[in-house]
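In what follows, chains are A, B, ... by sequence order, proteins preceding strands, each numbered from 1.
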2 protein chains.
Amino acid sequence: MPGSAVVAAETVGRVSLYRVLLSGLQQAGIKGVFSHQLSTSAGVSAAQVRRDIITLGYSGSPQHGYDVAELIESIDNFLDAPDGQNVALVGVGNLGRAVASYFAGRRPKLRLVALFDIDPEKSGRVICGVRCYPQEKITEVVRSERVSIVILGVPAPAAQAVADACVAGGARGILNFAPVALRVPPGVYVENLDMARSLEKVAYFARKAGG
Amino acid sequence: MPGSAVVAAETVGRVSLYRVLLSGLQQAGIKGVFSHQLSTSAGVSAAQVRRDIITLGYSGSPQHGYDVAELIESIDNFLDAPDGQNVALVGVGNLGRAVASYFAGRRPKLRLVALFDIDPEKSGRVICGVRCYPQEKITEVVRSERVSIVILGVPAPAAQAVADACVAGGARGILNFAPVALRVPPGVYVENLDMARSLEKVAYFARKAGG
DNA sequence: TAGATTGTTAATCGATTAACAATC
DNA sequence: TAGATTGTTAATCGATTAACAATC
């Protein structure tokens, strides 16, 4: 049964990238693709592309490679929940809003259903078509709106308390922009996305390479 | 000689996080710290914290652990260029602006000196105190402004051409938000930061964990 | 068929962790 | 000193890659 085995987080990330690349090929009218073509665009080895595709439960043929449309469908089945998933964003700052607008409409299976902010001027309003609640209501609204995914755009000192409130409401996944390791119970997945950290890595190696 | 050995990208990222955590401790008036304390906040093992600190060239003592102020200074010496580094942002959309405002003032050693956008309404103007140029001028301005780091906030189809122009101007590091593997010459460092990919990883595991 | 590609295994590689002697 | 921590080594772990037989 596909989906029942444990899949590495890295694999899921690569599959997500393959879908983006395949959509581009499809829009260009390309019907078939070989592993080494995806390999080049994704920046991984061809063997890994083939292994990832096997994980999806899809098979290619030695003569024609992989059918683009069918492979996209396999990835959809793998990545997307049939009924979609509800997403909330906590911390409606510049970053939070950019993230929200970045996703708006791109992935219809992920629905942004609630915003939260500590600023009373923001909570109570409707921003980008989504209602913004005060942060005290996180647990209540996460539960009532059946939010399974939370995007955490709050400052580091507030992150743990907000995460706790989200988990208490039933959230199972957190995309954490704050530079702290969140403590969460087993079964809750946390993905850290620290932009300052990434930029400092680039700065470091730009300097070392520049000699 | 510290800094001459090859250091893994993961190590640099962790060190960046340690600095953030240590700054928080320092502001709270805490003078000393043990490896297991940083270990908890950073979400890595204590042995790894100790090994990373050795990489910095700093030493603690078995009795007092590490001196917070001295450790921060060691990290500054490790991560920061003495004269700072110049940064450019290509693609002044919602995301780009959020990233720019996110960094403004936080890291004085990283100076945002130029923006680029394909939209003629943006180029020519001054946005957030930084001049915005048309994209045709990338190579020229990157060279004249001595930009070593580029934040790439353009759509995927444009990313490779923009990266090429930046590298031609002398850029040595790229923070790439576009979901494509950039081809760059040896000595140029690329860090990929794909938010859609991260969110889909969260969505996948939130679903699997939720049962 | 011939040949390039897929599916699959074994080998490699590197990072992380566990364990422990050295230290103050 | 006693004891907890640091510095350092060996072991573990897992992901990635290389290689090759199977396939159409």
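- Within the nucleic acid shown, B:A46 has no heavy atom closer than 4.0 Å to any nucleic acid atom.
- Take the nearest nucleotide of DNA chain D for A:P62 and for B:S59: the residue whose nucleotide is more 5' is B:S59.
- Judged by closest nucleotide on DNA chain D, B:V33 is the one of B:V33 and A:Q48 placed further toward the 5' end.
- A tilted orientation is assigned to the rings of A:Y66 and A:Y58, their planes being inclined by 30° to 60°.
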Quiz item: Dot-bracket, DNA chain C: Watson-Crick or G-U, under 3.5 angstrom, [ ] crossing, | other strand?
Solution: ..||||||||||||||||||||||
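- Think of the region where chain A sits on DNA chain C: with heavy atoms and a 4.0 Å cut, that region ends 5' and 3' at C:dT5 to C:dT8.
- Contact annotation for A:H36: backbone-only contact, meaning every heavy-atom pair under 4.0 Å involves sugar-phosphate atoms and none involves a base.
- Using a 4.5 Å cut-off on side-chain heavy atoms (C-beta onward), A:Y18 and A:V44 make contact.
- Between A:D164 and A:Q160, the side chains place a donor N or O and an acceptor N or O closer than 3.5 Å (distance only, hydrogens not considered).
- Here the CG atom belonging to A:L152 is positioned 12.0 Å from the CG atom belonging to A:L193, to the nearest 0.5 angstrom.
- Summarising the local packing, CD1 of B:I127 is surrounded by more than 12 heavy atoms from other residues, nucleotides or ligands at distances under 6.0 Å.
- With values rounded to the nearest 0.5 angstrom, B:N176 atom CG is found 11.0 Å from A:S198 atom OG.
- Panel note: side chain B:Q37, backbone B:F34; a donor-acceptor pair is recorded below 3.5 Å.
- Distance alone, capped at 3.5 Å, places no donor-acceptor pair between the B:D76 side chain and the B:D80 backbone.
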